[in-house]
Each structure stands twice: as C-alpha cells, then as structure tokens.
Amino acid sequence: MPRGGTFNLLVGGPKANWPEELVGKEIVGPWIGVDRGTLRLIDHNIQPVAAVGDFDSLQATELQRVRRNVKDIRSKSDQDFTDTQVAVKVALTDYGAEHVDIYGATGGRLDHFLANLFLVLDPQYKRYAGRIRLIDKQNTITFYLPGHYTVQKEPDKNYLAFVPLTPIDHLTLTNEKYTLHDEPIPYPISFASNEFVGESGEFRFDTGLLCVIQSRDTYEARHE
C-alpha cells in the first residue's frame, strides 16, 4: 500500500478540463478515483489505489468494472461533504499523503467547484491548506500559509491571481509584472491580478490564508 508523497485525485468533471500530462500518463504518484473519475482512470489503464463516491452516475456494468479493478472502495455516507472532500481526507489521513493534487476539479458543477475550493477553510482541513492543489487544463489553484514562496510558471499559464481567503497582511510581489510591497489585501472584497515576466515569480505575506491561481487566457485556450 503506497504511503506518503503526492497523491493524485481525478474527479468526475468534464474530460475537456483534463491537463495534457494526465492523458499522457506523465504524472507521478498513486491515484484515487472520485466517482466517475475512477472509471476514467481505469479506461486509461491507470490503476487507482482507492475509489470514493456513491457512484450513482455509473451504470451497473460500469460499477462492476470499478469493483473488479479497485480493492479499496469508500462509499460516501455523509451528505454534508462532496465526494472530493471525502477523497482528500482518505488520502491525507488513511494513506498519509504529504500533498494532494486534485485534477479536473474546476470544471463541471459550480457548487462542487466552490465546495472543493473552500474545503481548506473547513476546520478539519485547515491544517492541510498548504498541501492541496486544484488542477485542470485552464487553472492551477494552490493554497498558501504565511511565508516566502517561489512559484514556477506552468506551460501556457501566464497569469497569476492572488485571492485572500482570510485577511492578508504585507503581501509583497517582487518580480511579477505588477509589483506590490507590504500591501494588505482586504477580505473578501479584493484580489491582486498579475502576470509572469519570467519562468517563475516570488511572493511573501505575513498573515492569513492565500489562494493563488495560475491560469491560461480564455481567448488563447480557445484559439490554439
């Protein structure tokens, strides 16, 4: 049974949101399937170590395939949480994951996306905030606790947004297109939009919980 390191989750959102490296199987680390995401992993010959969900979107034959291919299947019993939230808990607590990358989580139903985005504010997840990312073809969303960070630019994701999930003090952006120096970012009525000027960017802040979104321009994504 794999433990530690980075665990990858695939949710059941639109396949069009998958990043190219997922289809090419270039992502390293064990996988947990979330609802229909489990079947999609199996279809791509990726063996999940676990599957989470009520699987009500699957037909009987599809559910049989999941049961044949996955030994650790968790049925979601608490309706107050999404399948993805339960899967994150399984990865962190049962498998000892150090980080969890959630693929395909920003497409599909808006209510599910918002639940996934704000799961880091739930009391039982808050201490894991710096260990969770939401990734798809369009966006990479990372959560940061106070400190000094360098973020590497991902291919074609040229834009940065700094969104406070709590009040932020002394946000400093040094080598992005628009610099800030020890600026407070009020919550919840403000955010800082920016762009990479090189292959990486640096930022720091002193207090709060910060959401950083690295994204592609929508127009560019439509006209590749």
> Can the ring centroids of F205 and Y144 be said to lie less than 6.0 angstrom from one another?
Replying inline: no
> Honestly curious: do V66 and V49 fall in one hydrophobic cluster under the side-chain, below-4.5 Å linking rule?
Replying inline: no
> Is V90 reachable from I73 through a run of I, L, V, M, F, W or Y residues, each pair having side-chain heavy atoms under 4.5 Å apart?
Replying inline: no
> Does I135 offer a backbone N or O that forms a donor-acceptor pair with the side chain of D101 under 3.5 Å?
Replying inline: no
>> Grouping I, L, V, M, F, W and Y whenever their side-chain heavy atoms are under 4.5 Å apart, do I132 and V86 come out in a common cluster?
In response: yes
> If two hydrophobic side chains count as joined below 4.5 Å and joins carry through other members, does I32 share a cluster with V70?
Replying inline: no
>> Please determine whether side-chain contact (heavy atoms from CB on, under 4.5 Å) holds for the pair I141 and V212, giving the CA-CA distance in whole Å, both sets of side-chain angles, and the decisive distance to 0.1 Å.
In response: CA-CA 6 Å; I141 302 175; V212 178; over 6 Å; no
>> With rounding to the nearest 0.5 angstrom, report the OG1 to CG distance, T207 to D169.
In response: 3.5 Å
>> For R40 versus V11, what's the shortest heavy-atom pair and its separation?
In response: NH1-O, 4.5 Å
> Distance-only, no hydrogens or angles: does the T38 side chain make a donor-acceptor pair with backbone N or O of G33 under 3.5 Å?
Replying inline: yes
> Taking atom OG1 of T6 and atom CD of E98, what is their separation to the nearest 0.5 Å?
Replying inline: 7.0 Å
> Does the side chain of T140 pick up a donor-acceptor pair with the side chain of E154 at under 3.5 Å?
Replying inline: yes
> Got a salt bridge between D182 and R204, using NZ or NE/NH1/NH2 to carboxylate O under 4.0 Å?
Replying inline: yes
> Looking at V151 and F196, what are the two nearest heavy atoms and their distance?
Replying inline: O-CE2, 3.7 Å
> Is there a path of hydrophobic side-chain contacts, each under 4.5 Å between heavy atoms of I, L, V, M, F, W or Y residues, that connects L145 with V100?
Replying inline: yes
> Closest heavy-atom contact between N8 and G29?
Replying inline: ND2-O, 3.3 Å
> Under 4.5 Å between any side-chain heavy atoms of V88 and L9, yes or no?
Replying inline: yes
> Do P48 and I42 come within less than 4.5 Å of each other through their side chains, counting heavy atoms only?
Replying inline: yes
> Rounded to the nearest 0.5 Å, how far apart are CZ of R74 and CG of D83?
Replying inline: 13.5 Å
> Once you round to the nearest 0.5 Å, how far does CG of L63 lie from CZ of R65?
Replying inline: 11.5 Å
> Looking at I213, N194, I185, L180, which hits side chain to side chain contact (heavy atoms under 4.5 Å, CB included) with F162?
Replying inline: N194
> Should Q152 and S200 count as side-chain neighbours, where that means a heavy-atom distance under 4.5 Å?
Replying inline: yes
>> Using side-chain heavy atoms (C-beta onward) and a distance below 4.5 Å, is D54 in contact with D35?
In response: yes
>> Less than 3.5 Å apart, any donor N or O on the side chain of D72 or Y95 sitting next to an acceptor on the other?
In response: yes
> Between E195 and L160, is any pair of side-chain heavy atoms under 4.5 Å apart?
Replying inline: no
> Side chains of R133 and I102: closer than 4.5 Å at any heavy-atom pair?
Replying inline: no
> Any side-chain heavy atom of L165 within less than 4.5 Å of one from C211?
Replying inline: yes
>> Less than 4.5 Å apart, side chain to side chain, heavy atoms only: is that true for R36 and E62?
In response: yes
> Could you walk me through whether K89 and D94 pass the salt bridge (Lys or Arg N to Asp or Glu O under 4.0 Å) check?
Replying inline: CA-CA 8 Å; K89 184 177 180 180; D94 295 358; over 6 Å; no
> Hey, what do you get for NZ (K137) to CG (N139), rounding to the nearest 0.5 Å?
Replying inline: 12.5 Å
>> If I take atom CD from residue E199 and atom NZ from residue K153, how far apart are they, to the nearest 0.5 angstrom?
In response: 5.0 Å
>> Checking side chain to side chain contact (heavy atoms under 4.5 Å, CB included) between L210 and each of Y149, F203, F143, which is the one that passes?
In response: F203
